[in-house]
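Below is one structure, written out as C-alpha cells; comments come after it.
Naming: A, B, ... by sequence-line order, numbering from 1 per chain.
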Amino acid sequence: MAVAVEVRLPTVLRPQAGGQSTVTVEASTIGDVLRQLVSEYPGMSGQLLNADGSLHRFVNVYVNDDDVRYLDALETPVKEGDEVSLLPAVAGG
Amino acid sequence: MLRLPRNLYLQMVAHCIVGLPDEACGVLAGDPATGTVVRLYPTRNAAASARVYTVDSHDLLQADRDAERAGTQLIGVFHSHTHTDAYPSATDVDQAPDSAWHYVVVSLRDTHPVVRSYRIGDGRIEEESVVVLGQVPQAVAV
C-alpha cells in the first residue's frame, strides 16, 4: 500500500525540485519513490534511474540509516514514517 | 579557493597516510561561498583498493547529517593517490558528481605529501589554490 514518504534531496538535485530540500511522495517501494520523483521532477530523470529502470550507480539511496543497495535495492519497501535520503555517490580513482 | 584550518589539513593528510597501502578518502563540510572548510570527516574507502576509492555510503550519510545539524553542508571530498601525482585521474573526472564541489587530491608518491585541489565540471579540470589557515608551528631548537 502506498504511503506518504519524505525524501531528503542533496543540494545538487534541489534546483530540479524548485529549490526544495525535502519533498513528499506516495510510494510503497524505493522503486516507486524514484519513479515518482522522476515523473514529478523530470530534471532528475538521468540522475536517479538508468534507461532500463535500474538504480543509477552515481546515486546513493537510503531508507532511514540503511543504503538500499544492501537491502532489496529498488524492491526495498517503505512504510509510514520512513525517511528516504538521496546523496550523490562519491567515488574516483 | 579552498581554505583549510591547519588542524583539519593535518588530520586529512594523517588519514591518508594511515590508509596506506590503499587509497584513503573523506568529505569536507563548510561554506560553499568562501570554500572555507569547518568540518572534516575521514571515511572508509568501501573499494578497499590502492587504485580507486568509494566513500563508504554509511559514513557519507552520517557526515551529511552531521554537517546539516551543524548548520553547514558538504562542499567537497579528498582522497589519496598512493603512487601518482596530485592530479585528478580520468576516473576522478568521470565520477565527479558536482561542479560546485572541491576535489582534493593528496599524493603520497614522494617523501612529502602533496595536497592540491580542483573544481571538476563537464569533464574539465580547473586547479584552485589551497590556503592553510592558522599558525605554522615553529621549529624547536634542540
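- Side-chain contact annotation: D66(B) with Y41(B), donor-acceptor N/O pair under 3.5 Å present.
- By number of non-hydrogen pairs under 4.5 angstrom with chain B, the leading residue of V59(A), D67(A), D65(A), T11(A) is D65(A).
- Within a 6.0 Å radius of CZ in R124(B), other residues, nucleotides and ligands contribute 12 heavy atoms or fewer.
- Only the side chain of S89(B) has a heavy atom closer than 4.5 Å to any heavy atom of chain A.
- Heavy atoms of N45(B) lying under 4.5 Å from chain A are absent altogether.
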I30(A)/L71(A) under side chain to side chain contact (heavy atoms under 4.5 Å, CB included): CA gap, chis, key distance, verdict | CA-CA 10 Å; I30(A) 285 296; L71(A) 301 172; over 6 Å; no
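- Within the 3.5 Å criterion, the main-chain N or O of G30(B) finds a donor-acceptor partner in the side chain of T72(B).
- Heavy-atom contacts from other residues, nucleotides or ligands closer than 6.0 Å to CZ of R14(A) number more than 12.
- If you tally non-hydrogen atom pairs under 4.5 Å between each of L61(B), V93(B), D94(B), L74(B) and chain A, the highest count goes to L61(B).
- For chain B, no part of R69(A) is nearby; none of its heavy atoms comes within less than 4.5 Å.
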